[in-house]
Number of protein chains: 2
Amino acid sequence: MAVTMNDVARAAGVSLKTVSNVLNNYEFIRPATRQKVLDAIAELGYEANLTARSLRSGKSRMLGLVVSDLSVPYYAELASRLMTVAAARDYRVLVEQSAATRANELTALQGSLSQLTDGLLFTPLVLDADAMAAARRGTKPLVMLGEHIDDPRFDQVTMKNVGAAKAMTAHLLAGGRRRIAVIGASPGDRAGSPGLRLAGYRAALAAAGVDFDPALIVPAEWRRDGGASAVARLLEGGQPFDAVFGLNDALALGAMHELVLRGIRVPEDAAVAGFDDIDEARFSSPSLTTVAPGMNEIAERCVQLLIDRIEGSEKAASGVHVEAEFELRIRGSAPAARVSQLPQTGTSPTPTPTPAAEGKVDP
Amino acid sequence: MAVTMNDVARAAGVSLKTVSNVLNNYEFIRPATRQKVLDAIAELGYEANLTARSLRSGKSRMLGLVVSDLSVPYYAELASRLMTVAAARDYRVLVEQSAATRANELTALQGSLSQLTDGLLFTPLVLDADAMAAARRGTKPLVMLGEHIDDPRFDQVTMKNVGAAKAMTAHLLAGGRRRIAVIGASPGDRAGSPGLRLAGYRAALAAAGVDFDPALIVPAEWRRDGGASAVARLLEGGQPFDAVFGLNDALALGAMHELVLRGIRVPEDAAVAGFDDIDEARFSSPSLTTVAPGMNEIAERCVQLLIDRIEGSEKAASGVHVEAEFELRIRGSAPAARVSQLPQTGTSPTPTPTPAAEGKVDP
DNA sequence: CCTGCATTCTGCAACGATGTAGCTGAGAGA
DNA sequence: TCTCTCAGCTACATCGTTGCAGAATGCAGG
């Protein structure tokens, strides 16, 4: 019922294969012939059948994206940009949610997703490098996102976790904070986002000559409620602190919510910093100081890398590792200079002037 | 290179078609034969080639989802649930972003997306019903999401916009508010989400005998910054108000952010209400009173409806219209009773006890 | 004039599944 | 005993495209 290449061929008075050649930009076709075919295509409203093309050629021009949960703002924004970048290269993105379970990550890797796509962008959360290597079937390209796995066998696009966490911690120190709680890690974490960011934190403390206090490191699920309950535990534990570094924005926002709820002023009593620069960080009250991990760059680089692998233009034998540049977004929850502990001034609706002080500390 | 049905057939000593029959649960196969085939499948690790199946059968077991921008939290959460619901019926979801442009909506409707999928879940934002009807090619099922279009020709799953906005407005009125600004609509809006929600607002005012003041209706882009700048304009316009009803949560959160920034206390000086109940509404400061529009129900019903259309089990000739039930989520930004206008208590970082005062003002 | 090569186009055979038709043998009914 | 039916299977064509091999043409070089 749909118009096929055969119909076009008949209408243009050429062979089926010539139509195919026109569509695939085959070099040696006389302009006149090409035009006849294009006219026939336009007249009949022909559109290539992607399924047949995919069956025959073995390529689908689709990329698979595996994340734990698309409703997590970071992943939603990432997916959105990946789609845009991929579309510019004439690829689509097919998303699959793993819910961060081992079984789902395995099926995403081995199951029909990889069959339907030409390559995978994978955010591993439970599988480790060996499990991934073992589970990987066939030879379709695979690019890892995030920092759960760091292994030379895999291509990988990630953010500068250590450097960014160090810079943010240095910023808090420069603001006069000395007891900076970290939410979302355990003191012993060494790997993955928590471990790397914690390492950055410790590096900054060391550089500033401030002692590391494990009591300030509070584990939590990386969600808003995790941030809120971590702050609750911190307060109930009686540990004094003058800043909270949430290892992602959700944690930081949850933490800030809980602080405000308990009457602790942000940033006067405690500064709050996050990581990710999700859209809502700009619109919280106060707006959240955070790390912009270069999501645009991440999206561009990983799609680029994956497509280059697919099309064979990236030839590096072992894993290519890309780290995107980050930027600090200094906003109200942890401004550059510590706001002096003013008695509250009351209800003035005038904007507080931003202190221009530049406390550049640093290595 | 991959294992095909032919390999399985050879291994099991049956014909190609018998393997196909086993896979498709054809009724008349001797248990012994079936078992032989299943054994061969297991032994060879055969997996059906979905592309070939799709080419031959004309079905892909994929649903297309068209939204303007996946990074909008409402769409992200919706997409996430749709995928989960679809997966339970053994369907996948392929997402496409329209950026709310006419051209993109048209290509989403006519282009390769509909070719790759068995049916479309479509959130129209710029196309109207006639344009949709005209643009629609072929006969693949199409279910509309949202309220931009309301037309008996189309299947449609939506929320109770009028009822929910009316209930929320009634809640604000019950809290003693009388000058309720609405952000995200023009006074003349009649259709689409803005028009419907505005209608609910007006209905509630009328029911309470409160006059409608067009000066309180402020148009804005449905984003956080739109909410923030709308509040700014409202304040600069000098219109007094004691509540803000953002027609979605992003607007409300942006508005709340701007209010707090300008020293206006929420909810003491102005209550704030939203619409959508996105996850972050619970975690703002104060947490946001909003309408939960029944997203779970929407996700379930629309996937159900679309798949039923695809599989032929829904036979209604004209459009099926479904409205999901809503619930009000009463939270800090607009509590049930109006908090009395306390003088500020000062600098204590200890948690402020929640005032138990019940100043039930009201109609 | 023939050969060789680039150019332009065609035909056939796949890709890996499913639909349709038809064959076979066993048991039921006359 | 001879149909007739139908469970259980097989064979072949087909979905719409692309890869491969090769045919036909024109033109340069010997």
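Worth knowing before you read on, the calculation uses all heavy atoms, side chains too, and leaves out hydrogens, waters and symmetry mates. Throughout, a chain's letter reflects where its sequence line sits, starting with A, and its residues are numbered from 1.
Regarding contacts with the backbone of dT18(C), a side-chain N or O of S20(B) is found under 4.0 angstrom from either OP1 or OP2. For N6(B), no side-chain nitrogen or oxygen approaches OP1 or OP2 of dG16(C) to under 4.0 Å.
The nearest pair of heavy atoms linking V93(B) to L94(A) is O-CD1, 3.5 Å. A pairwise comparison of heavy atoms in M295(A) and R81(A) identifies CB-NH1, 3.8 Å as the closest pair. Shortest non-hydrogen contact noted between R136(B) and K140(B) is NH1-O, 3.2 Å.
E297(A) pairs by the side chain to side chain contact (heavy atoms under 4.5 Å, CB included) definition with R301(A), A324(A), E325(A), not counting sequence neighbours. Every residue meeting the side chain to side chain contact (heavy atoms under 4.5 Å, CB included) condition with A108(B), not counting sequence neighbours, appears here in chain and number order: V66(B), E96(B), F122(B). Qualifying side chain to side chain contact (heavy atoms under 4.5 Å, CB included) partners for Q97(A), counting only residues two or more places apart in sequence or in other chains: D69(A), L70(A), S80(B), M83(B), T84(B). Residues passing the side chain to side chain contact (heavy atoms under 4.5 Å, CB included) test with S114(B) are L120(B), sequence neighbours excluded. Partners of D150(A) by salt bridge (charged side-chain N to carboxylate O under 4.0 Å, His left out), not counting sequence neighbours: none found. For the salt bridge (charged side-chain N to carboxylate O under 4.0 Å, His left out) test, residues two or more places apart in sequence or in another chain that qualify with R309(A) are D155(A).
The CE atom of M5(B) sits 13 Å away from the C1' atom of dA11(D) (whole-angstrom rounding). Atom CG in N49(A) sits roughly 17 Å away from atom P in dG16(C) (whole-Å rounding). The distance between atom CG of N24(B) and atom C1' of dC9(D), rounded to the nearest whole Å, is 16 Å. Remark: C1' of dT10(D) and CZ of R10(B) are 15 Å apart, rounded to the nearest angstrom. Taking atom CG of L23(A) as the reference point, atom C1' of dT18(D) lies 11 Å away to the nearest angstrom.
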* Take T33(B) and V14(B), measure what side-chain contact (heavy atoms from CB on, under 4.5 Å) needs, and give me the verdict at the end. => CA-CA 8 Å; T33(B) 312; V14(B) 298; 4.0 Å; yes
* Start with the C-alpha gap between E311(A) and R89(A), add the side-chain angles, then the distance that decides, and say whether salt bridge (Lys or Arg N to Asp or Glu O under 4.0 Å) holds. => CA-CA 12 Å; E311(A) 299 182 346; R89(A) 289 262 234 147; 3.8 Å; yes
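At a non-hydrogen distance threshold of 4.0 Å, L55(B), R56(B) from residues 50-59 of chain B come into contact with DNA chain D.
Each end of the helix from dC1(C)-dG30(D) to dA30(C)-dT1(D) gets its own axis, taken as the rotation carrying the C1' atoms of four end pairs onto the next four within a five-pair window, and the two axes meet at 50° to the nearest 10 degrees.
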Using the 3.5 Å cut-off, write out each protein N or O paired with an N or O of nucleotides 4-10 of chain C and the distance between them.
{"unit_1": "dC9(C)", "atom_1": "OP1", "unit_2": "R30(A)", "atom_2": "NE", "d": "3.2"}
{"unit_1": "dC9(C)", "atom_1": "OP1", "unit_2": "R30(A)", "atom_2": "NH2", "d": "3.1"}
{"unit_1": "dC9(C)", "atom_1": "OP1", "unit_2": "T33(A)", "atom_2": "OG1", "d": "2.2"}
{"unit_1": "dC9(C)", "atom_1": "OP2", "unit_2": "R30(A)", "atom_2": "N", "d": "2.9"}
{"unit_1": "dT10(C)", "atom_1": "OP2", "unit_2": "S15(A)", "atom_2": "N", "d": "2.9"}
{"unit_1": "dT10(C)", "atom_1": "OP2", "unit_2": "S15(A)", "atom_2": "OG", "d": "3.0"}
{"unit_1": "dT10(C)", "atom_1": "OP2", "unit_2": "T18(A)", "atom_2": "OG1", "d": "2.3"}

Distances for protein N or O near nucleotides 26-28 of chain D N or O, under 3.5 Å:
none

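Applying the salt bridge (Lys or Arg N to Asp or Glu O under 4.0 Å) rule to pairs touching residues 9-25 of chain B yields D7(B)-R10(B), sequence neighbours excluded. Legend: side chain to side chain donor-acceptor pair (under 3.5 Å) pairs involving residues 117-135 of chain A, not counting sequence neighbours, sorted by first then second residue: S60(A)-D118(A), D130(A)-R153(A).
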